Peer 1: 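Please see the structure below; I have some questions.
Since we're looking at a predicted model, the values are computed, not measured. Order of the sequence lines fixes the chain letters, A, B, ..., with proteins taken first and strands second; residue numbering starts at 1 for each chain.
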Number of protein chains: 2
Amino acid sequence: MYTEHRSGCPINLSLEVFGDRWSLIILRDMIFGGRRHFRELLNGSIEGIASNILADRLKRLMELGLLTKADDPSHKQKAIYSLTEMAITLVPIMAHLGAWGRVWLPVSEELSIRAELLEKGGPPLWEQFMDELRHEHLGAPIKAPPGTPGVRQQLQAAYEAVVARKAEAATA
Amino acid sequence: MYTEHRSGCPINLSLEVFGDRWSLIILRDMIFGGRRHFRELLNGSIEGIASNILADRLKRLMELGLLTKADDPSHKQKAIYSLTEMAITLVPIMAHLGAWGRVWLPVSEELSIRAELLEKGGPPLWEQFMDELRHEHLGAPIKAPPGTPGVRQQLQAAYEAVVARKAEAATA
DNA sequence: GCAACTGATTGCGAAATGCAATCGGATTGA
DNA sequence: TCAATCCGATTGCATTTCGCAATCAGTTGC
């Protein structure tokens, strides 16, 4: 573990955790993309992370307590990465970051639809999403009533709808 | 300006803005510390930023539209840095980051009291604070009724109270 | 004049980044 | 059986960025 800190300021300490170009991207792909394996993170990343950087960040995020690693029973060589509660509670920060980026930065429509829905859903939606993540990653019992559509599925469906609409508009 | 982006994802684009160890620290010192000059930022930083890094980040934050620079009428060589609306709207993100850090990271009591108050105050307090910043940095009319104590003063007073209490406890 | 202060800039070693190739073991398909 | 593929990494290397110290020229106060 890292014990040398620049200061005890909470913003500074948070920055020491994700003050780099890749850590939050990995967590984003795990949270919103549902990725759990090394290769999924490596090949699924639209930003194109390098394998050595990914390996280094996964290790670092484990040391920091944001991820855990377990063997995949279906494949002796496969490792499953799980979010910890510490990482799951980043959902509101992700939502705010996405909302801020959507206002001020040149976001693409299909990649910002998730941020838009998350912003409109507000804290209740974030809570539901965090519950889902606790279920998937920590084995916690799910609180939502049966039949409730998953937040990730909703976001993914909205993303795919935008992609489909844009594809149609391009060929029309 | 930077026009090459890794992706149009709002979280990625936000990360391209402050995905480094210093940019947010500088904004933090301007927002919560009220610092406006190069030397104030350089010498007041508890994390100890180097002057070349500070110069580089100030330039970058200006190019990105988060800061503006103006001449200080009191000193021909002095520059005053101002936050733009884009930077002022980071206050909720700062508040969330601080709250998250306070829960999960080894924060010091005196440096996290501000985050605690900001968290307890919630969105209404953040709005009041952003109004103050708009007044200070953008010349906007202040909305709060006269006599309302400033948010920054409240935070600063709370910080000093903790420092004083700890100093007293140490000598007792 | 001159020291202190202003916002920077330069030089340089250390560290991080990004890319490509590779590793040994596990699994899959023919 | 055996080659192809997939698994989570690791290594080597060139480029870029970082961070520290020293320094700069112009401005101000005395």
Peer 1: Could you work out which one of D:dG26, C:dG25, C:dG7 sits closest to the side chain of B:Gln77?
Peer 2: D:dG26

Peer 1: Does D:dC7 have OP1 or OP2 sitting under 4.0 Å from an N or O in the side chain of A:His37?
Peer 2: no

Peer 1: At less than 4.0 Å, is any side-chain N or O atom of B:Trp22 found next to OP1 or OP2 of D:dG19? Yes or no.
Peer 2: yes

Peer 1: Please give, in whole Å, the distance from C:dA4 P to B:Asn43 CG?
Peer 2: 15 Å

Peer 1: Calculate, to the nearest 0.5 Å, the distance between atoms CD and NE2 belonging to A:Glu16 and A:His5 respectively.
Peer 2: 6.0 Å

Peer 1: Take atom CG of A:Leu54 and atom P of D:dG8, then tell me their distance rounded to the nearest Å.
Peer 2: 9 Å

Peer 1: Look at B:Arg36 and C:dG7 and indicate whether a side-chain polar atom (N or O) is within less than 4.0 Å of OP1 or OP2.
Peer 2: no

Peer 1: Could you go through A:Thr89 and B:Trp100, starting from their C-alpha distance and side-chain angles, then the distance that decides it, and tell me whether this counts as side-chain hydrogen bond (donor to acceptor under 3.5 Å, both in side chains)?
Peer 2: CA-CA 8 Å; A:Thr89 52; B:Trp100 186 86; 3.2 Å; yes

Peer 1: To the nearest angstrom, how far is B:Asp72 atom CG from C:dT6 atom P?
Peer 2: 11 Å

Peer 1: Figure out the CG/C1' separation between A:Asp56 and D:dT10, and round it to whole Å.
Peer 2: 12 Å

Peer 1: Take the protein atom CD1 of A:Ile53 and the nucleotide atom P of D:dG12, then report the distance between them rounded to whole Å.
Peer 2: 16 Å

Peer 1: Run the numbers on A:Thr148 and A:Ile142 for side chain to side chain contact (heavy atoms under 4.5 Å, CB included), then give the verdict.
Peer 2: CA-CA 11 Å; A:Thr148 307; A:Ile142 203 154; over 6 Å; no

Peer 1: Report the residue (A:Ile49 or A:Ser74) whose heavy-atom-nearest nucleotide on DNA chain C is the more 5′ of the two.
Peer 2: A:Ile49

Peer 1: Answer yes or no: are there more than 12 heavy-atom neighbours, outside A:Lys166 itself, under 6.0 Å from its atom NZ?
Peer 2: yes

Peer 1: Calculate the interatomic distance between B:Asp71 atom CG and D:dT28 atom P; express it in whole Å.
Peer 2: 11 Å

Peer 1: Of the nucleotides C:dT6, D:dT10, D:dG8, which one has an atom closest to the side chain of A:Arg39?
Peer 2: D:dG8

Peer 1: Looking only at the side chain of A:His75 (C-beta and beyond, no hydrogens), which of the listed nucleotides D:dG12, D:dC7, C:dT9 gets closest?
Peer 2: D:dC7

Peer 1: Could you check how far CD1 of A:Ile26 sits from C1' of D:dG8, rounded to whole Å?
Peer 2: 14 Å

Peer 1: Are B:Phe32 and B:Phe129 close enough that their ring centres sit under 6.0 Å apart?
Peer 2: yes

Peer 1: If you check the A:Ala50 side chain, which of C:dG7, C:dT17, C:dG18 turns out closest?
Peer 2: C:dG18

Peer 1: A:Lys59 NZ to D:dT11 C1': how many Å, rounded?
Peer 2: 14 Å

Peer 1: Looking at the side chain of A:Lys76, which of C:dT17, C:dA26, C:dT9 is the nearest nucleotide?
Peer 2: C:dA26

Peer 1: Looking at D:dC18, I'd like to know if its phosphate oxygens (OP1 or OP2) sit under 4.0 Å from a side-chain N or O belonging to B:Arg57.
Peer 2: yes

Peer 1: Quick one: which of D:dG19, C:dT6, D:dT27 gets closest to the side chain of B:Lys78?
Peer 2: C:dT6

